[in-house]
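Down below is the structure, laid out as structure tokens.
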Amino acid sequence: METKAKNSSSAAKNVAIALFGVATLAAGYYAYDQYNKNTELNEQLVEMQTKLDYNALEAQYANEQFAEIESNLASIREKEGYVLNNLNTGEFQGDASPEERIRMEIDAIEHLIGENNNLIDGLKGQIGEKDSRLKKYKHSVANLEKRVAEYKSKTDELVAHAEQLKQDLASAKDENQDITKELAQKEFVVAMQTQQINYEEEQRRTAYYAVGTFKELKESDVVEKEGGFLGIASAKTIKDDFNQKRFNRIDMYDDTTIPVFGKDAELVSNHSTDSYDMVEDQNGEVKWLQIKDPDKFWESTKYLVILTKGGQYNETAFAK
């Protein structure tokens, strides 16, 4: 009985040991399986986190690109305003600097458009064609390129017009110079002709007179006696080569009253008797020779010689 009990106890131990071993193996396999699963899960988590970080970087990069595109568009709008303002005024006459500035602004716009095209092409590779912002930007760039072409065309037209104006101004300047030179020449000729006319008119209006006794005028080489015999019945006449310095110069139309202030005044020179009067005072002394008709009086000669027999005539007082 005892032996039987011992065998029974030994068998139970062996079963227990076997069961424990199986349990241990099962636990070990479970632990190993869990470890593998955890490792795989961690790797998946790391991969997902990496992908999230990459997506976040891509999103950040895309946003930066979008921001740069928007900044370029803002700069383009500003430059467009400058270009449109100057194109509408079209003030290129005589100065090329506005045209040069417009061309610089257009070049800057084209540069910004090129940058936006590069940015859009780069974004297409990352986010594809489905993004609505890309479509909007592409549409904006296309419109910009069309407007820039129009700005260039209008600028070329204005520049051509300005060049034509410059040529017209240059031609007008040359023509004005020619006209100014011709006008100056004509003015010189007119001035010379006027001077000549004035001189001739002055000469035409100029007359001369001399008043004095026969002795005074003879001594001054103005008068002499001709004919007769030994001075008898000789005539008093003006010398052929009379001394012109002894005469007073007058205007035949302005000076129609000749001072005499002498007795028994007589004219040696030839003048129409009905063209003048002798004005006497109460004592019978001739005070003036009054010319009534200048043209008729000076018709024969412009040299008047009046002989007196003494008197109060003072040549210096009436000299002109």
Please determine whether salt bridge (charged side-chain N to carboxylate O under 4.0 Å, His left out) holds for the pair Arg249 and Glu202, giving the CA-CA distance in whole Å, both sets of side-chain angles, and the decisive distance to 0.1 Å. CA-CA 11 Å; Arg249 186 173 181 272; Glu202 182 182 3; 2.7 Å; yes
Chi angles and distances behind the side chain to side chain contact (heavy atoms under 4.5 Å, CB included) call for Trp288, Met278: CA-CA 6 Å; Trp288 312 96; Met278 291 291 190; over 6 Å; no
CA sep, side-chain torsions, deciding dist, call: Ile306, Ile258, side chain to side chain contact (heavy atoms under 4.5 Å, CB included): CA-CA 10 Å; Ile306 304 175; Ile258 308 300; 4.3 Å; yes
Kindly indicate, with the supporting measurements, whether the criterion salt bridge (charged side-chain N to carboxylate O under 4.0 Å, His left out) is fulfilled by Glu182 and Lys186. CA-CA 6 Å; Glu182 183 179 356; Lys186 289 183 177 180; 3.3 Å; yes
For Lys296 and Glu299: C-alpha separation, side-chain torsions, deciding distance, then whether salt bridge (charged side-chain N to carboxylate O under 4.0 Å, His left out) applies. CA-CA 5 Å; Lys296 191 172 185 180; Glu299 183 178 12; over 6 Å; no
Stepwise, does the side chain to side chain contact (heavy atoms under 4.5 Å, CB included) test hold for Thr308 with Val286? CA-CA 9 Å; Thr308 65; Val286 179; over 6 Å; no
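In this structure, CG in Leu304 is found 6.0 Å from CG in Leu289, a value given to the nearest 0.5 Å. Atom CZ of Arg204 sits about 6.5 Å away from atom CE of Met252, to the nearest 0.5 Å. For the atom pair CE (Met192) and CD (Glu187), the distance works out to 14.5 Å, reported to the nearest 0.5 Å. Taking NZ from Lys287 and CG from Asp281, the interatomic distance works out to 6.0 Å, rounded to the nearest 0.5 Å. Between Arg205 atom CZ and Asp254 atom CG the span is 5.0 Å, to the nearest 0.5 Å. Once rounded to the nearest 0.5 Å, the distance linking CG of Asp264 with NZ of Lys309 reads 5.0 Å.
For the pair Thr206 and Ile250, the minimum side-chain heavy-atom distance is 4.5 Å or more. Side-chain contact between Tyr209 and Pro259 is present, with at least one heavy-atom pair separated by less than 4.5 Å. Taking the side chain as every heavy atom from C-beta outward, Asp295 and Tyr253 approach each other to under 4.5 Å. Taking the side chain as every heavy atom from C-beta outward, Thr301 and Trp298 never approach each other to under 4.5 Å. Counting heavy atoms from C-beta outward, Lys239 and Asp221 have side chains that approach closer than 4.5 Å. Using a 4.5 Å heavy-atom threshold, the side chains of Lys236 and Glu266 count as touching. You'll find the side chain of Val305 stays beyond 4.5 Å of the side chain of Phe242, heavy atoms only.
Counting non-hydrogen atoms of neighbouring residues, nucleotides and ligands closer than 6.0 angstrom, the NZ atom of Lys302 exceeds 12 such neighbours. Within a 6.0 Å sphere centred on CD of Gln195, heavy atoms belonging to other residues, nucleotides or ligands number 12 at most.
The heavy-atom pair separating Asp255 from Ile291 by the smallest distance is O-CD1, 4.4 Å. The minimum heavy-atom distance linking Thr256 with Pro294 is given by the pair CG2-CG, 4.2 Å.
In this view, Asp241 satisfies the side-chain hydrogen bond (donor to acceptor under 3.5 Å, both in side chains) rule with no residue, not counting sequence neighbours.
The backbone N or O of Thr213 sits less than 3.5 Å from a side-chain atom of Glu216, completing a donor-acceptor pair. In terms of modelled atom types and a separation under 3.5 Å, the side chain of Asn283 and the main chain of Glu285 share no donor-acceptor contact.
Below 30°, between 30° and 60°, or above 60°: for Tyr208 and Tyr303 the angle between ring planes is below 30°, a parallel geometry.
Relative to the six-membered ring of Phe297, Lys292 misses at least one condition, a distance below 6.0 Å or an angle of at most 45° to the axis.
For the 3.5 Å distance criterion, the side chains of His271 and Ser269 qualify, holding a donor opposite an acceptor.
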With a cut-off of 3.5 Å and sequence neighbours excluded, list every side-chain donor-acceptor pair involving residues 173-181.
from: Asn176; atom 1: ND2; to: Ala172; atom 2: O; distance (Å): 3.2
from: Thr180; atom 1: OG1; to: Asn176; atom 2: O; distance (Å): 2.6

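Considering Val211, Val268, Leu267 as possible partners of Leu307, the one that fulfils the side-chain contact (heavy atoms from CB on, under 4.5 Å) test is Val268.
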